[in-house]
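Here is the structure we will look at, set down as C-alpha cells.
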Amino acid sequence: MLGLNKKDTSLLLIVAVLTLLAPFILNPFPEGSAMAQFNAGYPDLMQRFVIFGIFAIGFNILFGLTGYLSFGHAAFLGVGSYAAVWMFKLFSYNVIPAILLSVVVAGLFSLLIGFVSLRRSGIYFSILTLAFAQMSFALAYSVLSNPRFNLTNGETGLQVYADDVQWFHRDGLPDLPHLFGLSMRSTYTLDIGGWSFDFNAGYYLCAVIMMVVFYLSIRIFRSPFGMMLRAVKSNQQRMNYTGLNSRPYTLAAFVISGMYAGLAGGLMAAMDPLAGAERMQWTASGEVVLMTILGGTGTLIGPVLGAGFIKYFENIFSKINDNVLHSWFAFLPDGIEDFMVFIIHPFIGKGWHLTLGLLFMLVVIFLPGGLVEGGQKLLNWVRGKRKDKKTSGKTEPAE
C-alpha cells in the first residue's frame with residue numbers, strides 16, 4: 001500500500017485513526033466532572049499537538065538519521081510564520097499559498113545556514129546552529145523592525161491590519177485565515193450526554209498535512225537516501241574514506257528538516273495570523289530536541305508522541321493549582337490534606353517543568369529509546385503474559 005511494507009502501513013493507519021478520532025480520544029471525561037480538566041480535545045490544543053508533531057518529525061529526519069544535533073531549528077519555525085503572515089498581508093487570507101511560501105522560504109533559509117554549519121560536526125555544528133538561531137532572533141526582534149522597512153514588527157509581532165493591501169481578498173470571504181472560504185476557526189460541536197466534542201476545520205487541515213508528511217518521513221527512512229544518512233550517523237569518517245562525499249546528503253537532510261519546521265511555522269500562522277520573534281528563541285529549539293528524545297530518537301512515531309506529551313503537560317498539567325489539589329484531597333483530615341497539597345504544590349502549576357524534568361530523567365535512564373521503547377516493552381510483557389496463560393492451560397501428556 002502506497003509503497004510501504006505491512007508494518008509501516010499499519011503504523012500509518014494507526015496514526016491516521018488516532019489523528020482523525022482525536023476529538024473523541026482526547027475528551028474521555030464528561031463536562032462538569034472533576035476529571036474534565038484533563039480533557040485535551042479542544043481545537044487550540046489539538047492544533048498544537050499536530051503542528052509540533054510536524055516540527056518534531058522534521059527534526060527527527062536530521063537528528064534521528066544523521067546524528068547531527070541542531071540547536072537552532074526554531075529559526076526555521078519563525079521564518080515560516082513570518083512568511084505566512086506576509087502572504088496574508090499582501091495577497092489574501094487563503095492558507096494554501098501562505099503555507100507553500102513558508103515551506104519555500106524556510107527551505108532557502110535552511111540551505112544557507114546548513115551550507116555554513118555543516119562544515120563542522122559534533123558540538124561545533126550544534127553551537128553554529130544555535131548562534132545562527134540567536135542571530136535570527138535578534139534580527140527579528142530589533143534590526144528588522146526598523147520603521148523604514150518594518151519586516152517583523154519587533155516585540156509586538158507581525159500581524160494583519162485592516163489597511164493592509166491584500167490584493168486578492170474580496171467581499172464574502174472571511175476576514176481571517178481560510179481554506180477557499182472555509183474559516184480555520186469553523187467548529188462543529190457534538191454533544192452526547194455529558195460529553196462535548198469539537199470538530200475544528202483548522203485542526204483537520206493540520207491533521208491531514210501531518211499524515212502526509214508522516215508518510216513522506218516513512219518513505220525517507222526506508223529509501224536509499226535514508227540508508228546513506230544512517231551511514232553518516234554510524235561512521236561518517238569511514239564513509240568518506242570509501243570515496244563517498246557525505247555533505248550533499250547531510251545538507252539535503254538539513255534542508256528537508258528545515259522545510260518541515262517552516263511548514264509547522266506556516267500552520268501556526270494559519271491557525272492564528274500572528275508571528276513573533278519568540279518563536280525563534282533557543283528555548284523553542286530546545287523544546288523540539290526534548291520532544292524527539294522523549295518520544296524516541298530515530299523512530300517514526302516517537303517524535304509525534306513526544307510532542308503530544310510535552311504539549312499536554314504545558315497546557316493541561318500546568319493549570320492544576322492549589323484549589324484543584326484541595327478538591328482532590330478534601331476527603332482527608334484537614335492536616336493531612338494541607339500536607340498533601342504542600343508536597344505536590346512544587347510539581348504543578350508553574351512548577352510543571354520540574355515534573356517534566358523528572359519524567360525526562362526517568363525516560364533517559366530507564367528507557368533510552370523513549371516512549372516508543374516503553375510501549376514496545378509493555379507490548380512484549382502483555383504478549384508474554386498471554387503466552388504463559390496459553391502454555392499453563394495445556395494439559396500435560398500422560399506418561
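Residue numbers run from 1 in the order of the sequence given. As a basis for the values below, the full set of heavy atoms in this structure was taken, side chains included, without hydrogen atoms, waters or symmetry mates.
Checked against ring-ring contact (aromatic ring centres under 6.0 Å, His included), Phe59 has the following partners two or more places apart in sequence or in another chain: Phe63, His73.
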Task: Chi angles and distances behind the side-chain hydrogen bond (donor to acceptor under 3.5 Å, both in side chains) call for Asn153, Ser145 - done: CA-CA 5 Å; Asn153 208 28; Ser145 63; over 6 Å; no

- [ ] Give the C-alpha distance, both sets of side-chain angles, the deciding distance and a yes or no for ring pair (Phe, Tyr, Trp, His ring centres under 6.0 Å) between Phe76 and Phe254.
- [x] CA-CA 11 Å; Phe76 312 127; Phe254 192 91; 5.7 Å; yes

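Under the 4.5 Å side-chain criterion, counting only non-hydrogen atoms from C-beta, Ser196 is in contact with Thr189. Using a 4.5 Å cut-off on side-chain heavy atoms (C-beta onward), Leu305 and Thr299 make no contact.
In Trp352, the CH2 atom is crowded: over 12 heavy atoms of neighbouring residues, nucleotides or ligands sit closer than 6.0 Å.
Between Phe91 and Phe168, the ring planes are parallel. Angles under 30° get that label, and only those over 60° would be called perpendicular.
Although no hydrogens or angles enter the test, the distance criterion places a donor-acceptor pair under 3.5 Å between the side chain of Ser142 and the main chain of Ala138. Proximity of a side-chain donor or acceptor of Trp167 to a complementary backbone N or O of Leu90 within less than 3.5 Å is not detected. Side chain of Asp164 to backbone of Tyr161: a donor-acceptor contact under 3.5 angstrom is found. Between the side chain of Tyr312 and the backbone N or O of Phe38 there is at least one donor-acceptor pair closer than 3.5 Å. Between the side chain of Arg247 and the backbone N or O of Phe115, at least one donor-acceptor pair lies under 3.5 Å. With Asn200 contributing its side chain and Pro43 its backbone, the two residues share no donor-acceptor pair below 3.5 Å.
Side chain to side chain, Gln236 and Ser246 meet the donor-acceptor criterion of an N or O pair below 3.5 Å.
A cation-pi geometry, defined here as NZ or CZ lying under 6.0 Å from the six-membered ring centre and within 45° of its normal, does not hold between Arg222 and Phe225.
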